[in-house]
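As the structure lists them, so they are numbered: ligands from 1, and atoms in each ligand from 1. This is a predicted model, so every value here is computed, not measured. Along the sequence shown, the residues carry numbers beginning at 1.
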Amino acid sequence: MNEEGLTRTAILRLAGLAAASFGVGSWQAEKAEGGGPAAVESGAVSCVLTPELTEGPYYIAGEKLRRNITDGHSGTPLILRLAVVDGSTCKPIRGAAVDIWHADAAGNYSGFGAGSGNRTFMRGIQRTDANGIATFRTVYPGWYQGRTVHIHVKVHVRGNVVHTGQLFFADALTDRVYRNTPYSKRPRRTTRNTSDSIFVNGGRKSLLAVRHRSAGGYLGRITMGVYRS
Ligand code: FE
């Protein structure tokens, strides 16, 4: 199945300018006063509202509550720090359940296709801490036919889904990572960000800020501004 066929109109609820901004310290509480969507649109509130992007066909509900989601699958280590803030006030949301899933280095999803015998690898849920941050240990995702490299995410607050999106990587970084095994066994990925039918609907606002870690691998961060419903 191809996610492109399931694309629904992305709802761009965003107005923030600094897509790459991250880190709880970057919000100023005083800016939250007189907040709300209008303030976000006017620029008075600077947190980023993350675009809604299609869930795609590979979601499995009820994933495990765990930080390391690799199940031992190989790949370049990737730590994710995903911050959740209230899109109206820019304040961190504590206790949100962040649910992620992505393809392994070979481009397979657990529960589907070549990964159908296993319904857990590269899937997991973490709760945000007092700073609104959920942390995962995984590996850099592989690519699959017709899509740029991405990680799916859902955010639940008190049992309600408040955000469904996808997180992306700069293509230059992916090129660098993919020169190494196991990714190099599958050269010639088909799709880059600019030609991805989902990325073009606001994916630029969902690019992870990634840095190399001295311990090896990468750390990816993003702030997701959501509306509690
Ligand atoms: Fe996908």
Checklist outcome for this item: Test side chain to side chain donor-acceptor pair (under 3.5 Å), reference Thr164, set Glu55, His152, Lys154, output is Lys154

Checklist outcome for this item: Residues at least two apart in sequence or cross-chain that pass ring-ring contact (aromatic ring centres under 6.0 Å, His included) with Phe136, listed by chain then number, are none

Checklist entry - Are any N, O or S atoms from His102 nearer to the Fe ion (ligand 1) than 2.8 Å? => result no

Checklist outcome for this item: For residues 112-124, the side-chain hydrogen bond (donor to acceptor under 3.5 Å, both in side chains) pairs (sequence neighbours left out) are Asp71-Thr120, Ser110-Arg123, Asn118-Thr120

Checklist entry - At the Fe ion (ligand 1), what's the angle from Tyr109 OH to His152 NE2, rounded to 10 degrees? => result 90°

Checklist entry - How about Tyr58: does one of its N, O or S atoms come closer than 2.8 Å to the Fe ion (ligand 1)? => result no

Checklist entry - Looking at the rings of His102 and Tyr140, which for Trp means the six-membered one, are their centres under 6.0 Å apart? => result no

